[in-house]
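These notes are about the structure you will find just below.
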Amino acid sequence: MDFQKYILPHIWNLKPYSSARDEFKGKEGVFLDANENPLGSGEIDAWNRYPDPMQWKIKEQLSEIKQCSVDQIFLGNGSDEAIDLLIRMTCDPVKDQIIICPPTYGMYEVSASINNINITCVNLTAEYQLNVEEICSHIHENSKLIFICSPNNPTGNKLNRDDIYAVLAKFNTGFVIVDEAYIDFSDEPSFISELSKYPNLIVMQTLSKAYGLASLRLGMAFANPTIIKLLNKIKPPYNIGGSTQALVEKALSNKEFLKTSVDTLNNAKKALISNLKEVAGIDHIYPSHANFILVKCQQVQALFDYLIEQKIITRNRSNVTLCENSIRITIGLPAENNLLLEKIKRFYA
Ligand SMILES: Cc1ncc(COP(=O)(O)O)c(C=O)c1O
């Protein structure tokens, strides 16, 4: 694949900022290069030194966990940063377009709009699957990115693998981004293992969900090393703070938590679904491979308002394409789910 064809020329030719920590990589020395404060940080731990701009320790841990090489990994301030950088790297404002498949994660559209990029929406089918034929009919020379989210937010289902392969095979003017934010809750294998077969594939994941680290802001993009190099070139030099790096390193070395968290939340999801199914007023619960469920129900706005009054916050998705009369419920602790269930039962009684 001739990557240069798919990248904006000013990005391809960019001479990146060279940070002090890029120039000298040793740990020992008298550091008088980065205008830091040598006195420490006062009462808190010492955060006075700039962090590793390339986050090598985390990448080494992730390369083992995700079975890929360190030069296939980009780390961002949440996957939202990766979405923004990918758009800025490939799309010429006003001229180029991205393709998204609603209902889906809202930031693809928002990020594209911020960057003044055209957005073509190809809705999912009634079964919340990709409409491959329709997607392909919208591909033209200015199509630069296709965002596919699987398991999908807000519907919770996984998308048919063969459909994703079909889009990957057909899309020859840019990159297919498979957003796997919820993959850890699913039995579906990651598309990371397909990177060597499809150079036009970029996979995104996050530590915000199953890893329980939303507040630390750590998103990942996995791609061909050429793409990763370009992302590193255009990111802010120290995009992942030192405290985040230290805590993520610690969290990733605890292998047990991920398994416990996925098992616990998936079991809680099963229990909540089977209990909700019995409630009059609940019309449908969509199959979920994520840590939330989309629930079609009667008097949805009134239910949503009632739950807020009870201090239970859900997400009303009724105004979202193909999600009429539906709320999205994140799986909480068993006691929280039971409280939710009790309140929903009371609402419909
Ligand atoms: C599908 C999807 N992708 C990405 C994100 C953003 O993740 P992060 O917290 O890493 O920015 C979310 C957050 O809800 C999401 O649902």
Side-chain angles (χ1 to χ4, degrees), residues 55 58-59 62 65-66 73-88 98-112 114 119 121 124 128-130 145-159 164 175-186 188 190-192 201-223 231 235-236 239-241 244-245 247-248 251-252 258 261-262 265 269 286 288-294 313-317 320-323 326-332:
Q55 314 98 18
I58 299 175
K59 287 178 183 170
L62 283 173
I65 296 168
K66 305 290 178 187
I73 306 173
F74 168 80
L75 299 182
N77 187 332
S79 359
D80 289 342
E81 183 176 34
I83 295 169
D84 178 62
L85 292 178
L86 286 166
I87 289 174
R88 284 200 278 151
I98 66 160
I99 297 177
I100 61 172
C101 305
T104 194
Y105 181 49
M107 277 307 287
Y108 313 140
E109 183 171 353
V110 172
S111 243
I114 291 169
I119 301 155
C121 294
L124 295 178
Y128 293 151
Q129 292 297 330
L130 292 176
L145 299 173
I146 300 178
F147 283 92
I148 291 174
C149 186
S150 182
N152 187 40
N153 178 8
T155 58
N157 63 303
K158 57 182 178 184
L159 302 185
I164 301 178
F175 298 97
V176 177
I177 299 170
V178 179
D179 185 345
E180 296 182 335
Y182 300 96
I183 189 84
D184 298 303
F185 297 103
S186 164
E188 190 72 4
S190 167
F191 268 81
I192 292 174
L201 168 66
I202 297 168
V203 179
M204 288 197 319
Q205 292 189 6
T206 177
L207 298 186
S208 297
K209 311 296 174 183
Y211 283 86
L213 300 171
S215 178
L216 296 187
R217 312 302 304 130
L218 205 290
M220 303 162 266
F222 303 89
L231 285 170
K235 79 180 178 66
N239 62 330
I240 311 292
T244 290
Q245 292 195 39
L247 291 167
V248 165
L252 289 179
L258 177 69
S261 114
V262 167
L265 294 174
K269 177 171 67 181
Y286 294 90
S288 166
H289 287 259
N291 66 334
F292 58 83
I293 49 176
L294 187 70
I313 329 305
T314 60
R315 201 98 203 266
N316 187 353
R317 299 284 77 190
V320 171
T321 313
L322 295 175
C323 295
S326 299
I327 56 171
R328 194 192 69 192
I329 301 172
T330 303
I331 306 302

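Counting starts at 1 for both ligands and their atoms, in listed order. For the single chain, residues carry numbers from 1 onward in sequence order.
Using modelled atom types, one finds no donor on one side chain facing an acceptor on the other under 3.5 Å when comparing Asp184 with Gln205. Donor-acceptor pairing under 3.5 Å is recorded for the side chains of Asn152 and Thr104.
The shortest contact between atom 9 (O) of ligand 1 and any protein heavy atom is with Ser208 OG, 2.6 Å. The single protein non-hydrogen atom nearest to atom 7 (O) of ligand 1 is Ser79 OG, 3.3 Å, given as residue, atom name and distance. The nearest protein atom to atom 13 (C) of ligand 1, hydrogens excluded, is given as Lys209 NZ, 3.2 Å; this is a heavy-atom distance. For atom 3 (N) of ligand 1, the closest non-hydrogen atom on the protein side is Asp179 OD2, 2.6 Å. Remark: minimum distance from atom 6 (C) of ligand 1 to any protein heavy atom is reached at Tyr105 OH, 3.3 Å.
Side-chain atoms of Lys269 come within 3.5 Å of backbone atoms of Ala290 as a donor-acceptor pair (strictly under, hydrogens ignored).
Distance CD/Gln55 to CG/Asn239: 5.0 Å, rounded to 0.5 Å. The CD1 atom of Ile293 sits 11.5 Å away from the CZ atom of Arg328 when rounded to the nearest 0.5 Å. Expressed to the nearest 0.5 Å, how far CG of Asp179 lies from CE of Met204 amounts to 3.5 Å.
At a 3.5 angstrom cut-off on N or O pairs, Tyr108 does not count as close to ligand 1.
At least one heavy atom of Cys149 sits under 4.0 Å from some atom of ligand 1. No heavy atom of Met107 sits closer than 4.0 Å to any atom of ligand 1. Between Arg217 and ligand 1 there is a heavy-atom distance shorter than 4.0 Å.
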